[in-house]
2 protein chains.
Amino acid sequence: MAPRTTAASVEKRRAILDAAVRVFAERGFNHCRVSDIADEAGVAYGLVYHYFKSKDGILDEVFLERWNLMLEVIEEAAGDEALSARDRLAKVATFIVESYGRHPDVMQVVIVEVTRQANTFGRKHWATIQDAHTGLARIVERAQGTGELRGDIPPAFAAIVFYGGIEQILTSWIFGTSPSEPADRREAVVQLVETICGGLDPR
Amino acid sequence: MAPRTTAASVEKRRAILDAAVRVFAERGFNHCRVSDIADEAGVAYGLVYHYFKSKDGILDEVFLERWNLMLEVIEEAAGDEALSARDRLAKVATFIVESYGRHPDVMQVVIVEVTRQANTFGRKHWATIQDAHTGLARIVERAQGTGELRGDIPPAFAAIVFYGGIEQILTSWIFGTSPSEPADRREAVVQLVETICGGLDPR
DNA sequence: CGCCCGACTGACTGGTCAGTCAACGGATCG
DNA sequence: CGATCCGTTGACTGACCAGTCAGTCGGGCG
């Protein structure tokens with residue numbers, strides 16, 4: 001859809017996208033109007049359709065933009081030979097948690113409006129969502145190969161539990177209260193990795 | 001709303017509720033019509049409103065009915081002195097996983113349509129959802145007191161990761177393919193408890 | 001200067017759908 | 001047998017809203 005390439009028009013488009021994120025986060029995708037987005041962006045209703053194909057298309061773009069960044073980080077973490085398995089997992093968790101720290105609205109929209117909508121957006125983007133699981137599973141699988149992690153838990157299973165843990169932590173922040181300090185977020189990453197790798201059993 | 005107490009009217013009400021679950025699961029709450037529910041139940045449109053206050057009210061009831069069962073199981077597991085911490089967690093996980101095995105539609109609706117809808121139903125039922133986290137946290141906390149689990153992971157945090165793990169497993173079943181055999185579900189519970197308690201580190 | 005083109009506007013349309021309501025019928029009771 | 005009650009019906013209404021479109025505005029270019 002992106003028509004022009006003028007600096008100004010790129011900015012306008014961005015402004016609409018950012019406004020959409022705020023509106024989706026506050027009212028939810030299904031309970032907001034396209035006119036809300038236009039108002040929030042300080043732009044005429046019709047302009048939204050100048051830059052985007054549809055309301056759905058805006059959400060798709062918000063999701064993909066963020067998710068692709070995450071997939072890159074997973075890829076990078078998986079390929080970095082210098083890192084231990086724990087550090088790789090921590091790197092991924094840190095990216096997600098810091099994404100929330102910097103752009104809580106974006107992460108709320110990604111998780112709440114896309115990731116869990118089994119019948120609409122979730123189904124549509126399921127393959128992309130799975131890419132993240134696959135990447136995490138590869139990290140686990142390799143570490144099992146070197147004996148760095150135990151071999152009797154299926155990597156795909158471990159990946160799902162790990163990702164589920166992060167997502168639930170973010171969900172509790174979204175629904176309840178977010179950690180105000182960056183240190184609290186870092187602490188969450190450490191505890192998550194420690195829980196998943198070290199386990200809850202006494203040391 | 002439940003008006004009558006005739007056996008027949010109780011059954012009718014139940015039929016509508018069951019039909020709603022099927023329709024919500026197939027089309028999603030936001031993309032189905034009340035007339036779909038009526039059709040699925042083989043009942044006139046208006047009758048739905050004889051038994052229920054609103055479309056939202058139907059979803060509320062589907063959620064609460066199931067969630068309250070789960071809260072009872074958590075309560076029961078937490079109070080059962082004969083059980084180890086691992087067995088308590090396994091008991092809760094088994095209930096959830098078996099709920100999915102027996103009523104996949106209900107669980108899909110509960111998780112996808114309620115639990116993650118931060119702006120609508122999720123927000124409304126947040127306190128009830130948290131009750132589950134609190135119950136799980138109490139199981140962990142007690143076990144930490146007896147030295148059965150390590151004391152340096154906050155119980156509330158462990159509870160969220162544990163629940164998140166289960167939810168993500170169910171989500172992958174909902175979006176992808178469900179385990180066809182009961183044995184596969186039992187296996188998932190064992191692996192989940194083993195991952196969370198034992199950890200991924202080599203034994 | 002005058003033309004063109006793309007950014008921008010917002011009233012309007014077409015369709016959808018939750019919830020209402022007036023009326024029906026059959027069971028039960030006095 | 002008539003009265004009453006209530007489960008049942010489905011056409012209808014009012015509101016809402018995504019997406020369209022005819023047209024304005026302004027800047028750059030020939």
Side-chain angles (χ1 to χ4, degrees), chain A residues 1-24 26-63 109 113-114 117 119-121 124, chain B residues 1-24 26-63 109 113-114 117 119-121 124:
Chain A
M1 284 301 90
R4 272 307 60 150
T5 356
T6 330
S9 78
V10 168
E11 260 175 52
K12 231 2 140 30
R13 195 185 140 83
R14 185 83 249 159
I16 294 172
L17 212 48
D18 291 347
V21 166
R22 268 173 269 134
V23 171
F24 290 163
E26 195 186 336
R27 308 249 239 277
F29 179 81
N30 287 296
H31 290 74
C32 73
R33 296 175 267 285
V34 172
S35 65
D36 293 336
I37 299 173
D39 291 351
E40 175 76 22
V43 132
Y45 186 90
L47 196 63
V48 174
Y49 286 90
H50 181 68
Y51 286 106
F52 298 92
K53 193 169 102 278
S54 65
K55 192 188 181 192
D56 284 15
I58 301 175
L59 182 55
D60 288 342
E61 184 147 344
V62 169
F63 166 72
V109 170
E113 307 292 344
V114 180
Q117 301 286 337
N119 294 292
T120 52
F121 294 96
K124 184 194 222 161
Chain B
M1 279 299 90
R4 272 303 63 139
T5 355
T6 329
S9 79
V10 167
E11 260 175 53
K12 234 355 143 37
R13 194 185 140 83
R14 184 83 250 160
I16 294 172
L17 211 48
D18 290 347
V21 166
R22 268 172 270 134
V23 171
F24 289 163
E26 195 187 334
R27 308 251 239 278
F29 180 81
N30 287 296
H31 291 73
C32 74
R33 297 176 265 285
V34 172
S35 65
D36 293 335
I37 299 173
D39 291 351
E40 175 76 23
V43 132
Y45 187 90
L47 196 63
V48 174
Y49 285 90
H50 181 69
Y51 287 105
F52 298 93
K53 193 170 100 275
S54 65
K55 191 187 180 192
D56 284 16
I58 301 175
L59 181 56
D60 288 342
E61 185 147 343
V62 169
F63 166 73
V109 169
E113 306 294 344
V114 180
Q117 301 287 339
N119 294 292
T120 53
F121 293 96
K124 183 194 219 162

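In the text below, chain A, chain B and the rest are named by the order of the sequence lines, each starting its count at 1. These numbers come from a predicted model, not from an experiment.
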Figure out the [atom1]/[atom2] separation between [X] and [N], and round it to whole Å.
X     : N      : atom1 : atom2 : answer
A/H50 : D/dA18 : NE2   : C1'   : 19 Å
B/F52 : C/dA18 : CZ    : P     : 15 Å
B/D56 : C/dC17 : CG    : P     : 16 Å
A/I16 : D/dG19 : CD1   : P     : 15 Å
A/L47 : D/dC25 : CG    : C1'   : 13 Å
A/Y49 : D/dC21 : OH    : P     : 13 Å
A/K53 : D/dA18 : NZ    : C1'   : 13 Å

Quiz item: For C/dG19, does OP1 or OP2 lie under 4.0 Å from any side-chain N or O of B/K55?
Solution: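 Answer is no, no contact under 4.0 Å.
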
Quiz prompt | OP1 or OP2 of C/dG10 under 4.0 Å from side-chain N/O of A/Y45 | solution =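 It does not, given that no N or O in the side chain of A/Y45 lies less than 4.0 Å from OP1 or OP2 of C/dG10.
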
Quiz item: Which residues in residues 27-44 of chain B have at least one heavy atom lying under 4.0 Å from any atom of DNA chain D?
Solution: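 B/V43, B/A44, in order of number.
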
Side-chain contact, heavy-atom cut-off 4.5 Å: [X] with [Y]?
X      : Y     : result
B/V34  : B/Y49 : yes
A/V109 : A/F63 : no
B/Y51  : B/L17 : no
B/E61  : B/R13 : yes
B/V48  : B/I58 : yes

Can you tabulate the close N/O pairs, meaning under 3.5 Å, that link protein atoms to atoms of nucleotides 26-28 of chain C?
none

Exercise. Kindly compute the distance separating CG (A/L59) from CZ (A/F121), expressed to the nearest 0.5 Å.
Key: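 It is 4.5 Å, given to the nearest 0.5 Å.
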
Practice problem: State whether the side chain of A/K55 and the backbone N or O of A/F29 hold a donor-acceptor pair below 3.5 Å, judged by distance alone. | Solution: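 Yes; judged by distance alone, with no hydrogens or angles, the pair exists.
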
Self-check item: Under-4.0 Å salt bridge between B/R33 and B/D39
Solution: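 No, B/R33 and B/D39 are not salt-bridged.
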
Self-check item: Carboxylate-amine/guanidinium contact A/D18 A/R14, below 4.0 Å
Solution: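 Between A/R14 and A/D18 there is a salt bridge, with a charged N closer than 4.0 Å to a carboxylate O.
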
